[in-house]
Structure formats: C-alpha cells, structure tokens
Amino acid sequence: MGRVGAFIKVSRQDPPERDPGERIRDLKEFVGTLPLAELREQGARCMECGVPFCHDGCPLGNLIPDWNDLVYRDRWEEAIQQLHRTNNFPEFTGRLCPAPCEAACVLEINEGNAVTIKQIEVAIVNRAWDEGWVVPQPPARRTGRSVGVIGSGPAGLAAAQQLARAGEQVTVYERDEAAGGLVRFGVPEFKIEKWLVERRVQQLVDEGVEFVFGADVGGNVDVAELRERHDALVLATGSRVPRDLPVPGRELDGVHFAMEYLYSRQRGESAITAAGKHVVVIGGGDTGADCVGHAHREGAASVTQIELLGEPPVSRPDDVTPWPRWPMKLRTSYALKEGGDRDFAISTTALTGNGKVEKIHWQQNAGTPPFELVSGTEESRPADLVLLAMGFLGPETPVLDRLGVQRDGRGNVEAARYGTSVDGIFAAGDARRGQSLIVWAINEGRKCAAEVTAWLDGVESAAQGATSLSIAANRSGE
C-alpha cells in the first residue's frame, strides 16, 4: 500500500507545464510528468483504501491503488499490465480525462490533496511504449465471424480492439481521412499529439483490424451491403449534432460551430482563422477552452469566453456535490491561463454586422434556469469570429434511420444492454449514452464488444443446434 504515512509526509505535486507565454508559440504538448523518482513518491501517497472510492470515480474501473503501489515499488512493467487490464488507451485518458478518480480519492476529502492519479497513469504508459512493453496482441485463433464497427473514436477503437483480440474479424468504417474521431480531429495537437493516436491505430492494424477511411455509412457505403457483409454491426458514431444559437444574426459570416473551427485547425485549413480577430467563444466547457487555446496560438487580437451559467463557488459545495462526487466548483482552464477574458451568466441576444459578424450583443442573466435577463445590463463587444461551443444534442440521424434502430427520448440510440432494436446491431459510446467523457467511451466500447461476442456465440450455438436436430431428424427418417 505504498509507504505508510506518505500521504501525510509527501505533498501532492502536480505535473509540470510549460510557461503559457512560451507554449502559445507552438502546437507541442505542454503538460509533462515528474521525474521517475518523484513519481514513485507520488505513488507512495496512495493509501490503498479498504474501500477505494477512486474505482467508483473511474468509469473504467481502473485498478488505481494496484498500479500506484507498483510504481512506488519501481515495478513499471507490471504497472502497465494492470493498467491495460481495464483501459485500452491510457495515453489518451492520461492526457484528456478530467480525472473523476482524483475527485473521488479519499485524500480529496482534504480538498486539493488527492493522489496525482492521472499523472502517474500517463507516466506508466509513456514508459511502457519507450521500453517496448506495448506490443500487438493478435488472437491465438480466429472465429471466422465478421463485425463492422461504424466510427473510429475511442468507443469504436476500444470495441474493435476487444473484438479482434476475441478472434473476430473486424472492419472499422470511418468517414474522415484518419482514425480517432474527436481525439484525432477535435482535440488540439497541443493536448495530445496525433502520432500517439496513429501509433495505437497501428497496433490495432497489427492485431488484424481493417480500417476503411472516407466511408460514409448510409452515403457512399450502402447499409444493406454492410449488413450482408458482417455478422454484426457496432454503432459508435458519437454525439455530433451541435447545439445551435437561435438569435438574430446567426446567419452572418464568421459565426461557426466550434468543431468546424477545431477540425479546420487540425487539418491545417485556413478557411476559418482567428488570426488578428476579436474572438468570442460561447460555451464554458472543454471544447470552448480548446477554441480559446487555438485562438491564442493563431494570434487573435482578443479572446473572450462566455458561459450561460452563473459563476460556481471556488471550493467544493458539500451541500450540492459532496465527496466523492465530481465537484461543481470554479475551474480555470489551461487556455484561460494563457490569456483572454471569461464571464458568467451571459445570454447572447444578437449578432450584428454587414454580411459578416462585427459585434456581439448580450445581457447578464440570473445564472440559473430559466436564465431570466437582468434589465440594464445590455452590452456590446467587437466580434470578428464567434465560435459556438454549447455542447451536443445527440448522434447524427441519417445512418440511424437507414439502419432502422430506435432512439430514446433524447435522440440517442436505444440500447439498454448495447443491443439495439434491430437484431445484430449494437451501439456504444456517445451515440448510446449522449455526450460524455473519453473514459465512458472506452468503457462502453469494451462492454459492447463483450455483448457482441456473447450474441455471436449464441447465434452460432443455435445454428449448430439446429443443424444437429436436422441431421438427427434425417437419420430417424431413414
């Protein structure tokens, strides 16, 4: 259990970050990890609690105390084995997950004192790749069955890898030009460098997974043909319909959804740029922060991020989100540490300009639903680029309609235990549960894969049983 008393004697040390003034001049990752000796000390702080609430905080059920202790004891190869038991892509989660495990750490009862789980996780997997401990794991035998996975985000990739390792022949259909979904195209390079994604994709290829890019299922890929080609399908298309802003002036040039901007940045396109512009980002979440971060790196004239909700308290409100729940408290994103302004309880009332957006008009609101406007707080600001980062409403519907799967009240695929209303079609990730965290996506992909394999086993067993009965009937007739 680490070192007795270390949680008292050793202080929490956050991972090192490059100076904001330096990092906005490039697109390289800016968060590092402590030296190995110091990481071992951080691992020693883990108490291996009798009831490890970090397990509950982590949707993947990562065996956190186990690999914290292994790091402390300098047994890194065993640590990556434990980490991979529950997580296919720890270099993704170690960089991009907001770490609900740390919020649920027993040491977090003393706020700000949790074990640095996320930092230790990414250090384990980084060293594992460096040492050559991460290798392809193709199955010992193939089942002869075929599964098609639609979408190559974290849920689709996790499902594909689990299915391939179970012996299924897996083909992943992705409409973009490369695999990874939002991790590849929506999340900026400076948060996760894309060679890391491509390295994992290559591992899947080496395990037998086939990727088909530019494949728009329901468009240039016929749904009926796809169903005929595969014994089962997995829908992992994500939750990609963005929430719009129905205000006067929405149609003006220079008003874009956040993902339009982020995708263009990742692809190196210049159609949407923040360079030299007054940028306003509407939405206070991670996607909005990524827009702010990119705008800084492009050299925007100014950057402002506004949020509909009121400003949360600085510390965990125990009467609202008591430990070990995820605390609803004030956080300052990496992007705002690099510059820019932020304001809360703001309702956009209009956008104006001569064919192109030039100003944004807003009022303060009450900060809570129904967000009643506060009279006398009208304000206008220059705005040459307005980015809408207000979340997502659900999965895109064309492919769901063509496959004939039912949807729930929120528009997500109805799939209580991953199986949809259409036999042989399954769903995982944001397409099933709605917009969520990367850890939930990987968890969903893993669990969905297990359900697919069980269903295929059942179909195969039933077919074999029917064949045996037919043979027996024929013999008795002789």
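Bear in mind the structure is a predicted one, so any value in this text is a computation, not a measurement.
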Shortest non-hydrogen contact from [X] toward [Y]:
{"X": "W326", "Y": "A103", "result": "CE3-CB, 3.7 Å"}
{"X": "T86", "Y": "G61", "result": "CG2-O, 3.7 Å"}
{"X": "Q203", "Y": "V134", "result": "NE2-CG1, 3.7 Å"}
{"X": "R297", "Y": "L27", "result": "CD-CD2, 3.9 Å"}
{"X": "A427", "Y": "A415", "result": "CB-CB, 4.2 Å"}

Ion pair [X]/[Y], N-O distance below 4.0 Å:
{"X": "E225", "Y": "R229", "value": "yes"}
{"X": "E177", "Y": "R267", "value": "yes"}
{"X": "R23", "Y": "E29", "value": "no"}
{"X": "R265", "Y": "D290", "value": "no"}
{"X": "E444", "Y": "R432", "value": "yes"}
{"X": "K28", "Y": "E193", "value": "no"}
{"X": "E379", "Y": "R381", "value": "yes"}
{"X": "D401", "Y": "R407", "value": "yes"}

Requested in this report: Go through W133 and R127 one step at a time and tell me if the side chain to side chain contact (heavy atoms under 4.5 Å, CB included) criterion holds.
Outcome: CA-CA 9 Å; W133 298 331; R127 182 169 182 187; 4.1 Å; yes

Query raised in the report: According to the ring-ring contact (aromatic ring centres under 6.0 Å, His included) rule, which pairs have a member within residues 289-308, sequence neighbours left out?
Result: F190-H294

**Report entry** ring-ring contact (aromatic ring centres under 6.0 Å, His included): pairs with one or both residues in residues 411-456, sequence neighbours excluded
**Finding:**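 Residue pairs with at least one partner in residues 411-456: F426-W455.
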
Report task. Tell me whether the guanidinium CZ or amine NZ of R199 lies under 6.0 angstrom from the six-membered ring centre of F92 and within 45° of its axis. Result ->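 No, R199 does not lie over the aromatic ring of F92.
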
Requested in this report: Report the C-alpha separation of R240 and E396 in whole Å, then their side-chain angles, then the decisive distance to 0.1 Å, and conclude whether the salt bridge (Lys or Arg N to Asp or Glu O under 4.0 Å) test is met.
Outcome: CA-CA 6 Å; R240 297 285 294 276; E396 296 173 0; 5.2 Å; no

How many angstroms lie between atom [atom1] of [X] and atom [atom2] of [Y], to the nearest 0.5 angstrom?
{"X": "E168", "Y": "D231", "atom1": "CD", "atom2": "CG", "value": "8.5 Å"}
{"X": "L182", "Y": "T287", "atom1": "CG", "atom2": "OG1", "value": "7.5 Å"}
{"X": "L83", "Y": "W67", "atom1": "CG", "atom2": "CH2", "value": "5.5 Å"}
{"X": "R95", "Y": "K118", "atom1": "CZ", "atom2": "NZ", "value": "10.5 Å"}

State whether a side-chain donor-acceptor pair under 3.5 Å links [X] with [Y].
{"X": "D14", "Y": "T116", "value": "no"}
{"X": "N365", "Y": "S347", "value": "yes"}
{"X": "D430", "Y": "Q435", "value": "no"}
{"X": "N412", "Y": "R433", "value": "no"}
{"X": "E174", "Y": "S152", "value": "yes"}
{"X": "E91", "Y": "W129", "value": "yes"}
{"X": "T352", "Y": "H361", "value": "yes"}
{"X": "N87", "Y": "E121", "value": "yes"}

Requested in this report: Report the C-alpha distance between E189 and K194 in whole Å, list the side-chain angles of each, state the deciding distance to 0.1 Å, and finish with yes or no for salt bridge (Lys or Arg N to Asp or Glu O under 4.0 Å).
Outcome: CA-CA 6 Å; E189 186 89 12; K194 304 313 169 186; 5.1 Å; no

Tell me, yes or no, whether the heavy-atom count around [X] atom [atom1], taken from other residues, nucleotides or ligands under 6.0 Å, exceeds 12.
{"X": "N354", "atom1": "CG", "answer": "no"}
{"X": "Q13", "atom1": "CD", "answer": "yes"}
{"X": "K359", "atom1": "NZ", "answer": "no"}
{"X": "E228", "atom1": "CD", "answer": "no"}
{"X": "K447", "atom1": "NZ", "answer": "no"}

If you define the side chain from C-beta out and look only at heavy atoms, does anything of [X] sit under 4.5 Å from [Y]?
{"X": "I150", "Y": "V234", "answer": "no"}
{"X": "T420", "Y": "E414", "answer": "no"}
{"X": "V122", "Y": "P90", "answer": "no"}
{"X": "T171", "Y": "V149", "answer": "no"}
{"X": "F211", "Y": "V205", "answer": "yes"}
{"X": "N88", "Y": "R446", "answer": "yes"}
{"X": "L308", "Y": "F371", "answer": "yes"}
{"X": "T332", "Y": "R342", "answer": "yes"}

Report task. Only one of E207, R165, Q202 passes side-chain contact (heavy atoms from CB on, under 4.5 Å) with P136; say which it is. Result ->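 Of E207, R165, Q202, side-chain contact (heavy atoms from CB on, under 4.5 Å) with P136 is met by E207 alone.
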
[Y] backbone acceptor or donor facing [X] side chain under 3.5 Å:
{"X": "Q169", "Y": "G208", "value": "yes"}
{"X": "D176", "Y": "A178", "value": "no"}
{"X": "R402", "Y": "G218", "value": "yes"}

**Report entry** Sole residue of Q42, Q119, E102 in side-chain hydrogen bond (donor to acceptor under 3.5 Å, both in side chains) with R12
**Finding:**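 For R12, the side-chain hydrogen bond (donor to acceptor under 3.5 Å, both in side chains) test succeeds with only one of Q42, Q119, E102, which is E102.
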
Distance-only check: which donor-acceptor pairs under 3.5 Å involve side-chain atoms of residues 274-286, not counting sequence neighbours?
unit_1: K277; atom_1: NZ; unit_2: T273; atom_2: O; d: 3.2
unit_1: H278; atom_1: ND1; unit_2: S302; atom_2: OG; d: 2.8

Requested in this report: Starting from the C-alpha separation in whole Å, work towards a yes-or-no answer on side chain to side chain contact (heavy atoms under 4.5 Å, CB included) for L262 and C291.
Outcome: CA-CA 7 Å; L262 294 173; C291 290; 4.1 Å; yes

Query - Steps toward side chain to side chain contact (heavy atoms under 4.5 Å, CB included) verdict (Y263, E269) - result: CA-CA 9 Å; Y263 263 62; E269 298 167 349; over 6 Å; no

**Report entry** Chi angles and distances behind the side chain to side chain contact (heavy atoms under 4.5 Å, CB included) call for V422, L403
**Finding:** CA-CA 8 Å; V422 179; L403 287 169; 5.9 Å; no

